[in-house]
Each structure stands twice: as C-alpha cells, then as structure tokens.
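Structure first, commentary second.
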Amino acid sequence: MTLKDVSVRKARTGDVPRILEVMQPLVENRILLGKDPVTVYETIQQFYVAEDASGELLGFGALHVMWEHLGEVRTLAVVPEALGKGVGHALVERIEADAIELGLKQLVCLTFEVEFFARHGFQVLPAEPGEFVAEAYEVLLSSRDEGVAEFLDLARVRPNTLGNTRMVKTVAQ
C-alpha cells in the first residue's frame with residue numbers, strides 16, 4: 001500500500017461500527033479516550049476516514065472546532081497493519097485543509113504521538129492550556145464537551161487524563 005492508494009473522505013454513519021471496533025483496543029490501552037457509540041454518531045460530521053482502494057477503513061480522525069480561531073485534531077487512529085504507510089499523514093492533511101477552509105488559524109491536539117505530530121509542524125504547547133486560550137477560557141469552561149475539558153486540564157476530568165502531550169500548530173495567518 002502506498003499513499004496514492006489511500007483516500008480520505010468525510011465519515012458516514014455506516015462507518016461508526018468499524019470506527020468503534022478500531023478504537024476499542026486503543027481505549028483499552030489508554031491511548032484514546034473512549035467514546036460511546038451515541039457520541040460517535042452525534043459527532044460523525046466531525047470525522048474523516050481513510051480507506052484503501054477496496055474501501056477498507058485504514059484510519060480515522062476528527063476535527064473539533066473549539067473557538068473562533070481554534071480547532072482540535074481529535075481521535076486520530078490508524079489500524080496496526082497500516083501504520084507507517086502515510087495514512088495518518090493523509091488524515092492530518094485533510095483535517096488541516098478543512099480547518100483552514102473553516103477559518104481556523106490554529107490546531108491543537110492531545111497526543112502520545114509527539115514525533116508524528118512534530119513531523120507535521122505541531123509543537124509542544126508552550127503554556128498552560130488556560131493561558132494559551134486566555135481570551136476564550138471563561139467561555140470554554142462552559143463547554144459540555146469532555147475533550148475540551150481534557151484539553152483545559154479541568155479537575156473534573158483528571159481521573160480520566162491519559163497523560164498525553166498538548167501540541168499546537170498555526171495553520172493560517
């Protein structure tokens with residue numbers, strides 16, 4: 001498989017069972033935060049899937065808009081047999097392109113894959129999350145989204161914190 005054999009498209013509801021199947025071992029190994037099926041269905045419009053020429057799902061990722069200029073690369077995963085073959089790269093490229101189209105200027109991620117995201121121009125967040133989003137912090141506190149709470153390092157999610165690294169990338173000026 002080569003990168004030219006990989007296509008990325010917006011996810012559809014029919015992709016949810018396979019997304020959950022691929023996600024489960026990563027949740028069990030505390031690499032990804034778990035999501036209930038209903039949450040994946042409710043947010044399916046945020047997801048992208050990468051597939052091979054036969055339509056086999058190779059990976060997925062999501063773009064979550066957090067604020068006027070800020071989005072998060074979320075729930076990025078690649079099936080084990082496709083690791084190192086450009087699938088994650090293709091997903092990040094598509095997510096970044098759509099983020100720019102939406103008018104976002106920065107993307108953040110919470111990840112264990114620091115080297116992967118660094119190769120894509122992300123840097124370790126140089127400030128505490130609250131300082132980084134200072135102008136929107138109070139509003140973001142009212143978000144009911146657990147991923148936003150995790151990014152802000154709020155006490156209510158600390159028992160679920162995976163210990164991953166916060167990274168940021170400027171995608172548009």
Worked check of side chain to side chain contact (heavy atoms under 4.5 Å, CB included) between Met167 and Val114: CA-CA 8 Å; Met167 299 184 80; Val114 174; 3.9 Å; yes
Over 12 non-hydrogen atoms of neighbours within 6.0 angstrom of CD in Glu113: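 Counting other residues, nucleotides and ligands, CD of Glu113 stays at 12 neighbours or fewer.
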Can you name the closest pair of heavy atoms from [X] and [Y] and give their distance?
X	Y	result
Val49	Ala11	CG1-CB, 3.9 Å
Val6	Ala90	CG1-CB, 4.3 Å
Val8	Ala50	CG2-CB, 4.1 Å

How long is the gap from [atom1] on [X] to [atom2] on [Y], to the nearest 0.5 Å?
X	Y	atom1	atom2	result
Leu76	Leu32	CG	CG	8.5 Å
Lys105	Leu70	NZ	CG	11.5 Å
Arg12	Phe47	CZ	CZ	15.0 Å
Lys169	His120	NZ	NE2	7.5 Å
Glu56	Asp5	CD	CG	13.5 Å
Leu63	Glu96	CG	CD	10.0 Å

N/O donor-acceptor pair under 3.5 Å between Asp52 side chain and Ser54 backbone: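 The answer is yes, because a donor-acceptor pair under 3.5 Å joins these two groups.
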Polar contact flag, side-chain donor to acceptor under 3.5 angstrom, His64-Glu72: no
Partner residues of Arg119 under the side-chain contact (heavy atoms from CB on, under 4.5 Å) criterion, sequence neighbours left out: Glu115, Phe116
Stepwise side chain to side chain contact (heavy atoms under 4.5 Å, CB included) check, Leu58 with Lys85: CA-CA 10 Å; Leu58 302 173; Lys85 306 233 164 97; over 6 Å; no
Geometric cation-pi criterion, Lys10 with Tyr48: 6.0 Å, 45°: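 Here Lys10 passes the 6.0 Å and 45° test against Tyr48.
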With sequence neighbours excluded, residues passing ring-ring contact (aromatic ring centres under 6.0 Å, His included) with Phe60: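 Not a single residue meets the ring-ring contact (aromatic ring centres under 6.0 Å, His included) criterion with Phe60.
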Please list every donor-acceptor pair under 3.5 Å in which a side-chain atom of residues 18-26 meets a protein atom from a residue at least two apart or in another chain.
{"unit_1": "Arg18", "atom_1": "NH1", "unit_2": "Glu21", "atom_2": "OE2", "d": "3.0"}
{"unit_1": "Gln24", "atom_1": "NE2", "unit_2": "Glu28", "atom_2": "OE2", "d": "3.0"}

Residue pair Phe122, Val73: steps toward the side chain to side chain contact (heavy atoms under 4.5 Å, CB included) verdict: CA-CA 11 Å; Phe122 284 76; Val73 177; 4.1 Å; yes
Check against side chain to side chain contact (heavy atoms under 4.5 Å, CB included), Leu110 and Leu33: CA-CA 10 Å; Leu110 291 160; Leu33 288 174; over 6 Å; no
